[in-house]
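Below is one structure; the comments refer to it alone.
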Amino acid sequence: MSKLKDQIAEIIIKAVSDTGYPVKEIFLDKPKEDKFGDLSSNAAMTLAKELKLPPRKIAEEIISRIETGNNLITKTEIAGAGFINIFVSDKCYKDELKNVLSEGINYGRSSIHSGQSANLEWVSANPTGPLHTGHGRQLCLGKAIANLLEWTGYKVTREYYYNDAGNQMNNLALSVRARYMQIFDKDFPFPQEGYVGDYVKIIAENIFAAYNDTMKDSADLDFFKKEGEKYTFDIIKKTLISLGIHHDIFFNESSLYNNSEIEQTLEAFKSKGLSYENDGAVWLKMDEEKGFDKDKVLVKSSGEPTYRLPDIAYHIDKIKRGYDLIIDIFGSDHGDTYKEVLYGVNALGYDSDKIKVIIHQMVTFKMGNESVKMSKRSDNVYYLDELINDIGADAMQFFYVMRGANTHLDFDISLAKDKSEKNPVYYLQYAHARICGILRNADEVFPSYNETNVTELNTDVINSPEEMKLLKVLSDFPDEVISSAKTFEPHKIITYLNSVAENFHRFYHNNRVIDAENKELSLSRIHICLAVKQILKNGFDIIGISAPDRM
RNA sequence: GCGCCCGUAGCUCAAUCGGAUAGAGCAACAGCCUUCUAAGCUGUAGGUUACUGGUUCGAUUCCAGUCGGGCGUACCA
């Protein structure tokens, strides 16, 4: 429908220029209320300020130069403080219905970024344990955002960054070894900061099964690390697969050491005078004017880099790969640190404008009114696999994505689990299932309905208010995808799909679809159903949930 | 203390670039199944958009301050 919008914007621009007033960009809004028409412009109001003329007078001069009564615009009106309201002819929407049907699975895709490439890096959990519900929001957001990018034409590379060498992995190695040793000696000490999850015991038992006691008292931490990594990564990947998440690249931090990019990055800081040594550590000079209160360590006095240095090198690596857009998704606990990384990237002369960091706020879980507490120390962890098992992948995906990322999310597990009308997932899926039911019925009554040539479909019989309203909502889909993709906010798709479902259910209640006595009307309504089904399906694909045929 | 984010109906949240009477779902109340799925529909009620100022034709949106919450503030990631 954006074509229509562009057309009308042009008509207004022409009308404004005919008045002799200065022409500016014209913004067209969709008014919230139907009585204000289909599109609305505040052009007269913005001009009023500059020209010091009453906005309604300007609006009048503009609309007197807009032709109405044609196939495009039926009526124009001035309302309120000086809004120009435009009423679009039903024919436009009926034509758009045919577009939905003929474009099918591609309806809503746009080419605004075609020829461009994007890299989305997310999940990026180190292989120290299974994914848990704390990772969930990022997982589901990233999945939907990657889809959104593809729908606007980007070629998307999905990337997972991990580090199998650092502190965390040593900790895992020590934990695995301790559990292994405890098989022989119950009192063998477990590391203070060790990973207490049961999976560590399973890893130890697997080692015992394969190697018996041959690794007993072994000082080979690397062995335990590798065993731990292998097992953990396997279950992480299994979880990702069960959610339909696929990564094209698993980027190991250690490769940045092997190809000496970390060394080069460090050298670059030194040679530019951006770093200095103190207390045996290498410090990055931070700019107070950019809001940093103190300098940060790049290399610890132990000689090990902090996470900062490889992260900077990694982002430079991604920039060098030539992506047009680079996206990171982090939880709000990384809200400050990514700024340091971007600062470092910039300081070395790389353009960080292409890097877009999406920060999502934390999630709190509750069961009805009771909050669910989680702590890693006590292994009171709610693993993602458990959550999927409890509520299903669809409900999980939906709940994690249904709210804006930048607001705290209250995840009500008992609501997500609820198989009733209370559960918001079902409102959408039910609409889809309901349509499938109607179509099964149509197969019986009008078995040849799907042989209809869409372009020749008789849309003259479509005229009930529910039908027209539904067609209008359907035609918004392409714009919704674009605006959702622009701000990387998949929850907007859910908000939109809700209005599709709402208007479909209303249509269903007031308009009998299958009427054996009236084939022409039935056919047109069946095709409305097909279009709704298509848009629901396309929307579900973006947010990453399934489209059930029956419920 | 300082930095980032948030504060909207009883609850969970929407609200386009600063636009018109701030919208949904749940919960509450009142209706609708001999007709394609009642996981649905219709109606009622529910608001000083945390508070105080400012900017302007117009502020939930922008600015300043206050209060409240989350996350940071490591030679952890």
Side-chain angles (χ1 to χ4, degrees), chain A residues 25 27-33 35-36 40 42 45-46 48-49 54-55 79-83 85 124-126 163 166-168 171 193 278-283 291-294 296-308 310-311 331-337 339 359-362 364 366 369 402-404 406-412 415 418-431 433-442 444-445 479-480 483 486-487 491-492 494-495 498-499 501-502 504-506 508-515 522 525-526 529 550-551:
Chain A
E25 203 183 345
F27 292 114
L28 286 173
D29 282 337
K30 266 166 276 166
K32 287 175 201 155
E33 286 188 63
K35 70 173 180 184
F36 295 131
S40 169
N42 61 356
M45 285 139 96
T46 50
K49 185 177 279 181
F83 293 99
N85 293 336
S124 297
N126 286 335
N163 175 18
N167 259 339
Q168 293 181 29
N171 209 351
E193 297 291 310
N278 191 26
D279 294 338
V282 181
W283 296 72
F292 299 104
D293 51 351
K294 50 189 165 190
K296 298 286 179 181
V297 172
L298 289 172
V299 183
K300 301 183 229 174
S301 50
S302 66
E304 271 180 304
T306 59
Y307 76 94
R308 238 167 248 120
D311 241 32
S332 64
D333 50 341
H334 289 241
D336 282 344
T337 58
K339 289 176 190 159
I359 295 287
H360 66 81
Q361 301 302 313
M362 294 299 167
T364 44
K366 54 177 198 172
N369 285 327
M402 75 178 168
R403 304 304 183 197
N406 213 4
T407 179
H408 300 265
L409 177 62
D410 262 33
F411 197 125
D412 187 338
L415 178 60
D418 194 356
K419 298 248 188 277
S420 82
E421 73 282 356
K422 284 183 193 169
N423 192 328
V425 189
Y426 296 121
Y427 188 74
L428 296 183
Q429 293 188 323
Y430 180 63
R434 202 176 217 183
I435 292 170
C436 292
I438 296 169
L439 294 176
R440 282 190 291 271
N441 189 14
E444 303 281 316
V445 184
D479 280 347
E480 294 286 344
S483 87
K486 237 179 221 170
T487 53
H491 79 275
K492 288 181 178 172
I494 291 182
T495 308
N498 256 312
S499 79
E502 180 188 335
F504 168 73
H505 288 308
R506 192 174 297 140
Y508 169 89
H509 266 266
N510 293 293
N511 302 272
R512 172 90 200 171
V513 175
I514 309 290
D515 178 0
S522 297
R525 288 186 175 160
I526 288 170
C529 289
R550 291 173 201 272
M551 283 173 74

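By convention in this document, chain letters (A, B, ...) are assigned in the order of the sequence lines, proteins followed by strands, and residues within each chain are numbered from 1.
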Whole angstrom value for the distance that separates P of B/C36 from CD1 of A/Ile514
11 Å

Going by the rule side chain to side chain donor-acceptor pair (under 3.5 Å), which residues pair with A/Ser301 if we only count those two or more places apart in sequence or in a different chain?
none

Base, sugar-phosphate alone, or nothing: which one does A/Leu409 contact when heavy atoms must sit under 4.0 Å apart?
sugar-phosphate

Please measure how far the P atom in B/G68 lies from the corresponding atom in B/A45, and state the result in whole Å.
36 Å

Does A/Ser40 reach a base, just sugar-phosphate, or nothing at all? Heavy atoms under 4.0 Å.
base

Quantified in whole Å, what is the P atom distance between nucleotide B/G19 and nucleotide B/C62?
11 Å

Name the closest nucleotide to the A/Phe36 side chain, picking from B/G19, B/A20, B/U37.
B/A20

Contacts of A/Asn498 meeting side chain to side chain donor-acceptor pair (under 3.5 Å) (sequence neighbours excluded), chain-then-number -> none

With sequence neighbours excluded, tell me which residues meet ring-ring contact (aromatic ring centres under 6.0 Å, His included) with A/Phe36.
none

Non-hydrogen atoms of A/Ser40 and A/Pro31 that approach each other most closely
CB-CG, 3.6 Å

To the nearest 0.5 Å, atom SG of A/Cys529 lies from atom CZ of A/Phe504 at 4.5 Å

Nucleotide pairing, RNA chain B (Watson-Crick or G-U, distances under 3.5 Å), in dot-bracket with [ ] and |
(((((((..((((.....[...)))).(((((.......))))).....(((((..]....))))))))))))....

When rounded to the nearest Å, what value does the distance between P atoms of B/G70 and B/C13 take?
15 Å

How far does CG of A/Asn406 sit from OG1 of A/Thr487, to the nearest 0.5 angstrom?
11.5 Å

Output the rounded distance in Å from CZ (A/Phe411) to P (B/C13).
12 Å

Inter-nucleotide P distance (B/G25, B/U61), Å rounded:
25 Å

In whole angstroms, the gap separating P of B/C11 from CG of A/Asp410 amounts to 11 Å

With syn defined as a glycosidic angle within 90° of 0 and anti as everything else, classify B/C33.
syn

Using the side chain to side chain donor-acceptor pair (under 3.5 Å) criterion, which residues pair with A/Ser302? Sequence neighbours excluded.
none

A/Leu428 atom CG is separated from B/C26 atom P, nearest whole Å, by 12 Å

Toward the 5' end of RNA chain B, which comes first, A/Ile435 or A/Met45, by nearest nucleotide?
A/Met45

Please confirm whether any donor atom in the side chain of A/Asn85 sits under 3.5 Å from an acceptor in the base of B/A20, or the reverse.
yes

A/Asp418 CG to B/U12 C1', straight-line distance once rounded to whole Å
15 Å

Nearest 0.5 Å please: distance from the OH atom of A/Tyr307 over to the CG atom of A/Asn163.
13.5 Å

Please give the distance between the C1' atoms of B/U42 and B/C6 as a whole number of Å.
36 Å

Candidate pair A/Lys296 and A/Thr306, rule side-chain hydrogen bond (donor to acceptor under 3.5 Å, both in side chains), full reasoning:
CA-CA 9 Å; A/Lys296 298 286 179 181; A/Thr306 59; over 6 Å; no

Once salt bridge (Lys or Arg N to Asp or Glu O under 4.0 Å) is applied, do any residues pair with A/Arg525, and if so which ones, sequence neighbours excluded?
A/Glu467

Rounded to the nearest Å, what distance is computed from the CD1 atom of residue A/Ile494 to the C1' atom of nucleotide B/A24?
13 Å

I'd like the P distance from B/A9 over to B/A14, given in whole Å.
12 Å

Would you please name every residue forming a side chain to side chain donor-acceptor pair (under 3.5 Å) with A/Lys300, sequence neighbours left out?
none

With sequence neighbours left out, write down each residue that passes salt bridge (Lys or Arg N to Asp or Glu O under 4.0 Å) with A/Lys30, or none if nothing qualifies.
A/Asp476, A/Glu480

Under 4.0 Å between a side-chain nitrogen and a carboxylate oxygen: does that hold for A/Glu444 and A/Arg440?
no

Could you write nucleotides 40-51 of chain B as a row of B, S and -, 5' to 3', where a protein heavy atom under 4.0 Å of any base atom gives B, of only sugar-phosphate atoms gives S, and otherwise -?
BSS---------

Looking at A/Asn406, does any N or O in its side chain come under 4.0 Å of the phosphate oxygens OP1/OP2 on B/C6?
yes

Can you give one letter per nucleotide of nucleotides 67-77 of chain B, going 5' to 3': B for a protein heavy atom under 4.0 Å from the base, S for sugar-phosphate only, - for none?
--BSSB-SBSB

What interatomic distance, in whole Å, is found between C1' of B/A64 and the corresponding atom of B/U73?
25 Å

Given the C1' atoms of B/G46 and B/A28, what is the spacing between them in whole Å?
9 Å

Check the distance between B/U37's C1' and A/Leu439's CG and give it to me in whole angstrom.
13 Å

Any non-hydrogen side-chain atom of A/Ser332 less than 4.5 Å from a side-chain atom of A/Met362?
yes

Any residue meeting ring-ring contact (aromatic ring centres under 6.0 Å, His included) with A/His505, in chain and number order, not counting sequence neighbours:
A/Tyr427, A/Tyr430

Nearest 0.5 Å please: distance from the CG atom of A/Asp311 over to the CG atom of A/Leu298.
11.5 Å

Output one line per pair: protein atom, nucleotide atom from nucleotides 14-17 of chain B, and distance, for all N/O pairs under 3.5 Å.
from	atom 1	to	atom 2	distance (Å)
B/A14	OP1	A/Gly404	N	2.8
B/U16	O4	A/Lys30	O	2.5

How is A/Asn511 classified with respect to the nucleic acid when contacts are heavy atoms under 4.0 Å: base, sugar-phosphate, or nothing?
base

